[in-house]
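Before any comments, here is the structure.
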Amino acid sequence: MENYNEQYRNEKLERAKEKIKELKGFYIHLTVFILVNLFIVGSVIFSSGWNGFLNIGTYFTPFFWGIGLVAHYSKVHGSLPFFSKEWEKRQIEKYMEKEKRESDDFLKKK
């Protein structure tokens, strides 16, 4: 029983480490997003003045990159249904079943 508890604890620890890794990746993505987009918008404003600030093209990069950032946030926090842990589990099971069928078919042909 003690071995089972230790194994269960190790699995929980691995899941926690994976979650922290995902969070860290998101925060790095967020930091790079902020710094790069501040630089882009700042340079446009510096070189073009308020005309650059009011130009809609100035905000294309932050807007479209922001969509990716929202998707990354949703994936990390599990609020995007098609990239949830359940989705990942179903995909893994699907591919494992496919591999098993192909293996069984191969063995039947021998």
Side-chain angles (χ1 to χ4, degrees):
M1 186 66 158
E2 186 173 319
N3 190 19
Y4 174 76
N5 288 336
E6 185 67 26
Q7 181 181 1
Y8 179 70
R9 186 173 184 277
N10 288 339
E11 288 174 5
K12 285 177 61 174
L13 178 62
E14 288 304 314
R15 283 194 304 267
K17 285 180 180 180
E18 185 62 31
K19 184 67 174 175
I20 295 302
K21 183 179 173 183
E22 290 175 357
L23 281 170
K24 184 178 175 183
F26 170 73
Y27 287 127
I28 289 170
H29 187 182
L30 177 63
T31 302
V32 171
F33 171 83
I34 290 169
L35 294 175
V36 168
N37 286 300
L38 280 175
F39 176 77
I40 290 171
V41 172
S43 0
V44 168
I45 292 171
F46 182 75
S47 65
S48 303
W50 287 106
N51 290 334
F53 180 76
L54 298 175
N55 183 355
I56 194 164
T58 304
Y59 304 101
F60 280 164
T61 301
F63 176 75
F64 289 108
W65 190 352
I67 292 171
L69 188 65
V70 168
H72 191 171
Y73 174 87
S74 297
K75 181 181 182 299
V76 168
H77 289 82
S79 59
L80 196 61
F82 45 88
F83 288 137
S84 68
K85 294 295 180 189
E86 291 77 29
W87 177 83
E88 289 178 11
K89 186 177 174 182
R90 285 192 311 271
Q91 294 303 311
I92 290 170
E93 289 172 2
K94 181 174 101 176
Y95 287 109
M96 286 176 63
E97 182 61 34
K98 180 182 175 191
E99 289 286 326
K100 183 179 181 307
R101 280 194 315 267
E102 289 174 356
S103 176
D104 290 346
D105 289 346
F106 178 75
L107 291 173
K108 287 178 185 177
K109 289 179 183 179
K110 279 190 164 186

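Values reported hereafter were calculated over all heavy atoms of this structure, with side chains retained and with hydrogens, waters and symmetry mates removed.
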Going hydrophobic residue to hydrophobic residue with side-chain gaps under 4.5 angstrom, can you get from [X] over to [Y]?
| X | Y | value |
| --- | --- | --- |
| Val41 | Leu54 | yes |
| Leu38 | Leu69 | yes |
| Ile40 | Ile34 | yes |

Ring pair (Phe, Tyr, Trp, His ring centres under 6.0 Å) partners for Phe26, two or more places apart: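 With neighbours one apart ignored, the set is His72, Tyr73.
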Interatomic spacing from [atom1] in [X] to [atom2] in [Y] - rounded to 0.5 Å:
| X | Y | atom1 | atom2 | result |
| --- | --- | --- | --- | --- |
| Leu30 | Leu35 | CG | CG | 9.5 Å |
| Ile28 | Leu23 | CD1 | CG | 11.0 Å |
| Tyr8 | Leu13 | OH | CG | 12.5 Å |

Hey, could you give me each pair passing side chain to side chain donor-acceptor pair (under 3.5 Å) that has a residue in [range]? Not counting sequence neighbours.
| range | answer |
| --- | --- |
| residues 16-28 | Glu22-Lys85 |
| residues 51-68 | His29-Trp65 |
| residues 34-47 | none |

For [X], enumerate each residue passing the side chain to side chain contact (heavy atoms under 4.5 Å, CB included) test, keeping only those at least two apart in sequence or located in another chain.
| X | value |
| --- | --- |
| Ile67 | Phe63, Phe64 |
| Glu11 | Gln7, Arg15 |
| Gln91 | Trp87, Lys94, Tyr95 |
| Arg101 | Glu97, Lys98 |

Which Ile, Leu, Val, Met, Phe, Trp or Tyr residues join Ile92 in one cluster when any pair of side-chain heavy atoms under 4.5 Å counts as a link?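 Under the 4.5 Å side-chain rule, Ile92 groups with Met96.
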Could you list the residues that satisfy salt bridge (charged side-chain N to carboxylate O under 4.0 Å, His left out) with Lys12, not counting sequence neighbours? none
